[in-house]
Amino acid sequence: MSAEERAPRGARRERHGIAPRRVSFDWRETPLHWIPEEPTATHVINVLHLLLPAGERWFVKVLKEALPLVTDPELLKDVKGFMGQEATHSVQHSTVLDHLAAQRLHTEAYTRRIDFLFEKLLGERVPFGVPVSAALWLRFRLSLVAAIEQFTAVLGDWVLAAGELDRAGADGIMLDLLRWHGAEEVEHRAVAFDMYQHCGVSEPRRYVLRIVGMAVVAPVLLWLWVTGSAYLIGHDPQLADRARYSLREHNKAVGKGLLPGWKALGAAIPRYCRPSYHPSREGSPRRAAEYLRSSPAARAAAGEVGRAAPGRKE
């Protein structure tokens with residue numbers, strides 16, 4: 001069954017070539033608090049840089065393991081494009097960690113935990129001798145990737161539309177990174193799901209495993225985001241000693257439009273759990289495509305502008 005046939009009626013995904021864009025970013029002028037006077041909003045979003053270098057490398061490894069199971073040539077092409085995009089995301093977010101370290105915000109103590117999560121607990125070998133077959137372990141990890149991609153598509157669509165970040169004076173280079181990445185998440189939003197559906201077991205077990213994947217991903221992502229935000233705020237050299245993550249400050253930033261709302265994030269879960277769900281219904285591919293045509297980093301990668309770093313707003 002092809003990827004087009006797997007999409008539910010009314011949700012056929014438009015076929016566009018999915019390919020990596022070899023972008024680069026110059027962080028030399030980006031301040032530590034790249035949203036001025038908003039350290040909580042800055043660091044809640046900065047959690048992406050803690051999670052994605054290891055997380056997106058893991059995506060690539062899991063899908064690479066599953067490539068021999070793919071019999072649909074169109075899906076295979078999309079998966080390879082997805083892997084190229086995710087590998088580029090990993091590299092570019094890791095450069096932000098180097099930039100944070102240059103500003104005396106060191107993240108190694110936290111990212112070591114993330115490395116352990118993805119490389120050991122969720123690696124190719126089943127951990128702790130759990131009696132699970134290699135085939136089921138692979139399909140379970142594919143279900144995790146698909147569930148995570150539900151949230152990355154929602155977040156990507158949010159940041160593309162988050163005009164309050166511009167009005168708050170957020171750093172232009174950081175916004176370009178986030179929006180380029182967000183646009184590519186919307187662009188390839190269906191690939192991991194289609195890969196899981198293609199490689200999964202027969203129904204209803206395939207649906208049950210999809211729900212199990214989301215049941216694992218949602219609380220773990222929430223925990224990682226809260227602990228990651230707390231780590232960054234607690235180790236920020238520009239904040240007062242003993243600074244702590246505050247849910248109140250987080251909610252203030254949500255109210256200002258600087259962070260995605262809890263309701264929008266939470267609503268992504270029951271949508272995903274519908275038996276008829278398909279990610280082609282998520283986000284605005286038109287808005288994503290428009291941004292990718294205008295992104296300074298993406299245009300530079302395509303040779304449309306000079307090789308210098310993207311300009312900043314005055």
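Scope of the values below: all heavy atoms of this structure, side chains included, with no hydrogens, waters or symmetry mates.
Closest approach of Phe151 and Leu265 over heavy atoms only: CE2-O, 3.7 Å. Annotation for Leu105 and Pro237: closest pair CB-CD, 4.1 Å, computed over non-hydrogen atoms. When all heavy atoms of Leu160 and Ala183 are compared, the closest pair comes out as CD1-CA, 3.9 Å. Minimum interatomic distance between Gly213 and Ser143 (heavy atoms only, all atoms of both residues): CA-OG, 3.5 Å. For the residue pair Leu97 and Pro53, the shortest heavy atom distance occurs at CD1-CG, 4.1 Å. Heavy atoms only, all atoms of each residue included: Cys199 and Ala66 are closest at SG-O, 4.2 Å.
Side-chain N or O atoms of Asp78 include none that pairs as donor or acceptor with a backbone N or O of Val191 at under 3.5 Å. For Arg139 (side chain) and Leu136 (main-chain N/O), no donor-acceptor pair under 3.5 Å exists by modelled atom type. Looking only at distances, a side-chain donor or acceptor of Gln85 sits under 3.5 Å from a matching main-chain atom of Ala19. Proximity of a side-chain donor or acceptor of Arg189 to a complementary backbone N or O of Ser280 within less than 3.5 Å is detected.
No cation-pi contact links Arg271 to Tyr277, judged by a cut-off of 6.0 Å to the six-membered ring centre and 45° from its axis.
Here the CG atom belonging to Asp115 is positioned 14.0 Å from the CH2 atom belonging to Trp58, to the nearest 0.5 angstrom. Separation of atoms NE2 (His43) and OG (Ser229) is listed at 9.0 Å; rounding is to 0.5 Å. How far OG1 of Thr42 is from CG of Leu258: 8.5 Å, rounded to the nearest 0.5 Å. Here His198 contributes atom NE2 and Met195 contributes atom CE; the two are 7.5 Å apart, rounded to the nearest 0.5 Å. From Thr107, atom OG1 reaches atom CZ of Arg112 across 9.5 Å, with rounding to the nearest 0.5 Å. Taking CZ of Arg113 as the start and CD of Glu108 as the end, the distance is 12.5 Å to the nearest 0.5 Å.
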Q. For Val79 and Asp194, what are the C-alpha separation, side-chain angles and deciding distance, and is it a side chain to side chain contact (heavy atoms under 4.5 Å, CB included)?
A. CA-CA 9 Å; Val79 169; Asp194 286 344; over 6 Å; no
Q: Evaluate the criterion side chain to side chain contact (heavy atoms under 4.5 Å, CB included) for residue pair Ile173 and Trp34; output intermediate values, then yes/no.
A: CA-CA 9 Å; Ile173 303 295; Trp34 54 267; over 6 Å; no
Q: Go through the steps for Thr152 and Glu185 under the test side-chain hydrogen bond (donor to acceptor under 3.5 Å, both in side chains), then give the verdict.
A: CA-CA 6 Å; Thr152 59; Glu185 292 297 330; 2.8 Å; yes
Q: Might you work through the side chain to side chain contact (heavy atoms under 4.5 Å, CB included) test for Phe59 and Leu142, ending with a clear yes or no?
A: CA-CA 9 Å; Phe59 289 0; Leu142 285 171; over 6 Å; no
Q: Apply the test side-chain hydrogen bond (donor to acceptor under 3.5 Å, both in side chains) to residues His33 and Glu37: give CA-CA distance (whole Å), side-chain angles for both, the deciding distance (0.1 Å), then the verdict.
A: CA-CA 7 Å; His33 298 158; Glu37 300 181 12; over 6 Å; no
Q | side chain to side chain contact (heavy atoms under 4.5 Å, CB included) assessment of Ile233 paired with Arg244 | A | CA-CA 6 Å; Ile233 291 170; Arg244 294 183 178 181; 5.6 Å; no
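Note on ring orientation: taking the six-membered ring where Trp is involved, the planes of His278 and Phe193 are perpendicular (angle over 60°, cut-offs 30° and 60°).
Separation of the His250 and Trp262 ring centroids falls under the 6.0 Å cut-off. Between Tyr245 and Tyr231, the distance from one ring center to the other does not fall under 6.0 angstrom.
With respect to Asp176 and Arg299, no salt bridge is recorded, no charged nitrogen being found less than 4.0 Å from a carboxylate O. Taking a cutoff of 4.0 Å between a charged side-chain nitrogen and a carboxylate oxygen, Glu187 and Arg21 qualify as a salt bridge. With respect to the salt-bridge test (charged N to carboxylate O, under 4.0 angstrom), the residues Arg167 and Glu164 qualify. For the pair Glu290 and Arg287, the salt-bridge criterion is not met [side-chain N within less than 4.0 Å of a carboxylate O].
If you check the side chains of Ser295 and Arg179, you find no donor sitting under 3.5 Å from an acceptor.
Contact of the Thr30 side chain with the Phe25 side chain is not registered, since no non-hydrogen atoms from C-beta on lie closer than 4.5 Å. Annotation: side chain of Leu177 is in contact with side chain of Trp27 (closest heavy-atom distance under 4.5 Å). The shortest side-chain heavy-atom distance between His235 and Arg104 does not fall under the 4.5 Å cut-off. Side-chain contact between Glu86 and Glu184 is absent, with no heavy-atom pair separated by less than 4.5 Å. Contact of the Gln92 side chain with the Glu56 side chain is not registered, since no non-hydrogen atoms from C-beta on lie closer than 4.5 Å. Val47 places none of its side-chain heavy atoms less than 4.5 Å from the side chain of Leu224. In this structure, Phe82 and Val60 have side chains that are not in contact, with every pair of non-hydrogen atoms separated by 4.5 Å or more. Looking only at side-chain heavy atoms (C-beta outward), Val212 and Tyr207 stay at 4.5 Å or farther from each other.
There is a path of hydrophobic side-chain contacts, each under 4.5 Å, that joins Val145 to Val208. Both Val220 and Val154 belong to a single network of hydrophobic side chains, linked directly or stepwise wherever heavy atoms of I, L, V, M, F, W or Y lie under 4.5 Å apart. Side-chain heavy atoms closer than 4.5 Å link hydrophobic residues (I, L, V, M, F, W, Y) into clusters, and following such links, possibly through other members, connects Leu69 to Leu144. At a threshold of 4.5 Å between side-chain heavy atoms, the hydrophobic network of Ile, Leu, Val, Met, Phe, Trp and Tyr places Tyr196 and Ile211 in two separate groups. Cluster membership check: Val91 does not share its hydrophobic cluster with Val62, using side-chain heavy-atom separations under 4.5 Å among Ile, Leu, Val, Met, Phe, Trp and Tyr.
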In a table with atom names and distances, give each donor-acceptor pair under 3.5 Å that connects a side chain of residues 116-128 to protein atoms at least two apart or in another chain.
none

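When the shell of 6.0 Å around CD of Glu203 is examined, it contains more than 12 heavy atoms from other residues, nucleotides or ligands.
The ring-ring contact (aromatic ring centres under 6.0 Å, His included) with His181 is formed by just one residue from the set His89, His188, His49; it is His89.
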